[in-house]
Every structure is written in structure tokens, then in C-alpha cells.
Amino acid sequence: MRYLFLISGLITILLTGCQSVKPRHLSPIAAQQSNGTSLPTANCQLPTLFSSPTFEKALFKASLDIGKHHLTGLVFVKAIPDTGYRVVFSNEFGMTYFDVETRETRLQINYCFEPLNKKMLWKILETDFLLLLDAKKGSFDGECFVQGTTNYLVYKRKAGNLKRWDIYNPTGDTLLEIRGKRSVADPALISFTNYRDTSPFRITLVNDIIKLKLSLSLISIN
Amino acid sequence: MLMHRLFLFVLLASSFMAGAQQKPLDAATIQQIKKGVSQASAKTNTISSEFTQEKEMRILNDKIISSGRFYFKKDRLLRWEYIHPFSYVIAIRGDVITIQDEGEVKSFNTQSNKVFSEVNRIIIGSVNGTLLEDDSFKASYIQNRDHYVVSLTPVSPSLRESLSRIMIFFNKTNFTVDKLEMYESEGDFTRIAFTTKELNKPVSDEVFILN
């Protein structure tokens, strides 16, 4: 009986992990269109929100649902020159839930309050944050696609074992979604909505396998 | 030369004043503070005030500053209405926290969020003075010109991991809380300052109900 649960759990992970991340109906496109004009993102290196060269810091209202925990507060993201980003999530009264920083293709945990301090959880959150914040360093071999049903531009990239698909609108200037995973256990889907000017005011990160949902509402960005 | 002497004098004077401020208080003064806080708390049924909150992140060399209105009603009703830089309301009725954000209202129990639960206990305990007698903290008392300052260190190692010290600044005139500082183990701290306080002004129960 115990093995039955284990096997069915593994099958769920495998099926969810395999099916949910990769966008469907993708057709490869070349860097030059047939009429000779360059695609807006021909080099597959469109900056996402945080990796824009002008990004310094951003403050978000945030809520994180995971298991029985419902955490609310503020998320502060700051670019750290030459290394990556620092992310501090604190409750409304300023007490820190976690303080982490991206360092190329890994996440360093500077502080995490006890109920969230689980190794398995942070393996998954590491994937989530690397996807969200985009690695500043690391070599990405990009491939460009157009999605048949929507005409969205899709950029597939890989850094180490992190696979990601960045989905842009048909003109390639608005990031709509990031999908990615490092293993079958950590597929993540991040959606960017409510754009004002060039910034998405709503970011939602979902990791279905562990029932994790992080919602961010932009307050300020520099 | 004159400038050097003046600088030395200012340096010595400020060192002396700083030393005087940090001198622990005697037992009689501590009793006087406890009594004053207890009496003020007994007389206070409601508090309405403005507040400014600053979270200082030492390593990032950055601050998050927010402000709004604060309401307290005996025994355990709190309302934090953040106005700037975002609009957000938190109402706490006993163990139930309700949050109103962009027209959406969500309620949950403080038990689902231990940090929130602890901070809530600290804030209510500061306002009604019970924190001074709380065995979970080791208290020391100092004073500056305007305040009696109670420094509370958590006894429990698990709480100390997230919160290394709380400083409560009681107004010397009316023994109400003017300022609260919560220091985290990593060196970051949050300062909440209450201004334009109104005591015992009628506050409807509906202020603490969000829908």
C-alpha cells in the first residue's frame, strides 16, 4: 500500500512536470524573417523585468501561500552589482521571513524563519527565483519559436540544468509568462500582467506540485 | 586651535550625554515606570494615531518607509491602515487577522503565521504594558530626555533567532508608547513611531471589521 502511494506520487510528479511547463504548438523561427526584416528579439536576449540594465530596486506587496502557511507583507528586490539580486520578504511590521540572494545559477539563503526553513522547499524556490530574476550571468543558448495559436514569441533558454521558456506578445516587447524547471519536481509558471508603461504591476508565481503561490503587486520600481 | 578645542569639547560633551542616557535605572525608577505604564494602560480604552514605519536593511543599505493610521481598542482590537506608499489595511480581532488589499478581503488565523502572531503579541503587549511583565523577555531600563526606554531580549533561543531585541520608548509625560524598535538577528531593524496620538477618543467597533 505504501509503495502504491509512492508510485502514484511519482507518476503525478512525472506527469505534471512533463506536461505543464513546455508551451505547446511551437514552430522554430529564424533570426531573419522571410521578408528580410529582423525579428524584434532576433538574438533571443530580450531583458526580462529584473535584468533590464537600468533596474536598481523594486518594492512589492506580497502574499505567499504554501501548505498551511499564509504569509503576507512586502518583497524588496535589489540588484547587487556583479553578483545578482537580493530578495527580502518581510511581514507588514518589518519582521523578515526570508532574505536570499541569487549568485549566478544558485540561491544563497542569508536568513529564513524556522517554519519555512526546509531544504526541499528551498530547492524548489531556488528554481523559482532564478527563473523570476533571470540570471545575470551564465551562457544561454537561445532558440526562438512562434506559438501557433497565439502568435506569441517564445524563447527557450538553458543555463545548466535550468530550462526556461520566456513567452512574449507577438511584437516581442511585453513579457507575458516565464515557464521553467530544473527537474520534474519543480516546474514553475510565472505570469506578468497589469502592465503600466513597461512594468508589470502583477506577478504571480505558481508551483503546482507543492501548492505554492506567490503573488506580487508592484509598489515602486527604480 | 580654537576649532580643535571646540571639537574636543563637543566630542566629550556628547560622549558624556550618551553615557548618561545609557545608564541603567535604579529599582525605584523601574517600579515607577511599571506603575506609570500600568496606570496609563488602565485609563486607556482607545488610541488613534498616525504612524511611520521604517525597516532598515543594514546590508542592503536601504530602507522601506511606510506610513498610515493606527487604531487600538481594548482589549485586543487593532487596525493598521497603511496609506503611503501603498494602500493596505490590517485589522486584528483577537486571533483573527483580516487584510483588505485592493478591494479584496482575506481573513486568517494568527496561528497560520507565527511571525505575525508574535509581532501582534508584542505590539498589543507594548500598548497595554503587559510585555513588561512577560516572562518570555528579559527587560532592562534606561532613559533619555523624553523617554523611558525598555529594552526586551527574548529568553527563548528560537524567538531570539528572528528577533534579537525590542526597544519600547514610553513617553515620560503620559507613559504611552511613542516608538517601538524591533531588532532582528541579522542587524536589520524596524522602527514604528506613533505621532498625533489621541487617547480615549470614541472608536467604533466597525473600524476593526473589514468587508
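Convention: sequence-line order gives letters A, B, ...; per-chain numbering from 1.
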Novice: Looking at CZ of A/Phe93 and OG1 of B/Thr190, how far apart are the two atoms once the value is rounded to the nearest 0.5 Å?
Specialist: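 Spacing of CZ (A/Phe93) from OG1 (B/Thr190) equals 10.5 Å.
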Novice: Examine whether an atom of A/Ser90 lies under 4.5 Å from a heavy atom of chain B, and if so say whether it belongs to the side chain, the backbone or both; otherwise answer neither.
Specialist: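 It is the side chain, since no backbone atom gets that close.
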Novice: Near A/Lys123 NZ, under 6.0 Å, is it more than 12 heavy atoms from other residues, nucleotides or ligands?
Specialist: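 Atom NZ in A/Lys123 is not crowded, with 12 or fewer foreign heavy atoms closer than 6.0 Å.
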Novice: In residues 84-101 of chain B, which residues are in contact with chain A at a heavy-atom separation under 4.5 Å?
Specialist: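 So the qualifying residues are B/Pro85, B/Phe86, B/Ser87, B/Tyr88, B/Ile90, B/Ile99, B/Asp101.
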Novice: Please tell me if the side chains of A/Glu114 and B/Ser158 come closer than 4.5 Å, counting only heavy atoms from C-beta onward.
Specialist: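 They are not in side-chain contact.
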Novice: Out of curiosity, A/Asp99 CG to B/Glu186 CD, how far, rounded to the nearest 0.5 Å?
Specialist: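 A/Asp99 CG to B/Glu186 CD: 7.0 Å, rounded to 0.5 Å.
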Novice: To the nearest 0.5 Å, tell me how far A/Asp65 CG sits from B/Lys106 NZ.
Specialist: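 Atom-to-atom, A/Asp65:CG and B/Lys106:NZ are 6.0 Å apart.
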Novice: What part of A/Leu71 gets within 4.5 angstrom of chain B, counting heavy atoms only: side chain, backbone, both, or neither?
Specialist: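 For A/Leu71, heavy atoms of backbone and side chain both lie under 4.5 Å from chain B.
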Novice: Step through the shown structure and confirm whether more than 12 heavy atoms of other residues, nucleotides or ligands are within 6.0 Å of NZ on B/Lys74.
Specialist: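 Result for NZ/B/Lys74: enclosed.
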Novice: List the atom of B/Lys55, the atom of A/Gly94, and the distance in Å for their closest heavy-atom pair.
Specialist: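 Heavy-atom minimum between the residues: NZ-O, 2.7 Å.
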Novice: In Å, rounded to the nearest 0.5 Å, how long is the span from CE of B/Met57 to CZ of A/Phe76?
Specialist: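 Reported to 0.5 Å precision, the distance equals 4.0 Å.
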Novice: Could you look at B/Tyr82 and say if it's the side chain, the backbone, both or neither that has a heavy atom under 4.5 Å from chain A?
Specialist: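 The answer is the side chain of B/Tyr82.
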Novice: Could you tell me which portion of B/Gln53 (side chain, backbone, both or neither) has an atom closer than 4.5 angstrom to a non-hydrogen atom of chain A?
Specialist: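 Just its side chain gets close to chain A.
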Novice: Kindly check if the number of other-residue, nucleotide or ligand heavy atoms within 6.0 Å of NZ (A/Lys163) is above 12?
Specialist: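 No.
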Novice: Can you give each donor-acceptor pair under 3.5 Å made by side-chain atoms of residues 62-69 of chain B, sequence neighbours left out, with the distance rounded to 0.1 Å?
Specialist:
unit_1: B/Asp62; atom_1: OD1; unit_2: A/Lys57; atom_2: NZ; d: 3.2
unit_1: B/Asp62; atom_1: OD2; unit_2: A/Lys57; atom_2: NZ; d: 3.2
unit_1: B/Asp62; atom_1: OD2; unit_2: A/Lys78; atom_2: NZ; d: 3.0
unit_1: B/Lys63; atom_1: NZ; unit_2: B/Glu54; atom_2: OE1; d: 3.2
unit_1: B/Arg69; atom_1: NE; unit_2: B/Tyr71; atom_2: OH; d: 3.0
unit_1: B/Arg69; atom_1: NH1; unit_2: B/Glu50; atom_2: OE2; d: 2.5

Novice: B/Ile123 versus chain A, heavy atoms under 4.5 Å apart: side chain, backbone, both or neither?
Specialist: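 For B/Ile123, the contact with chain A is made by the side chain alone.
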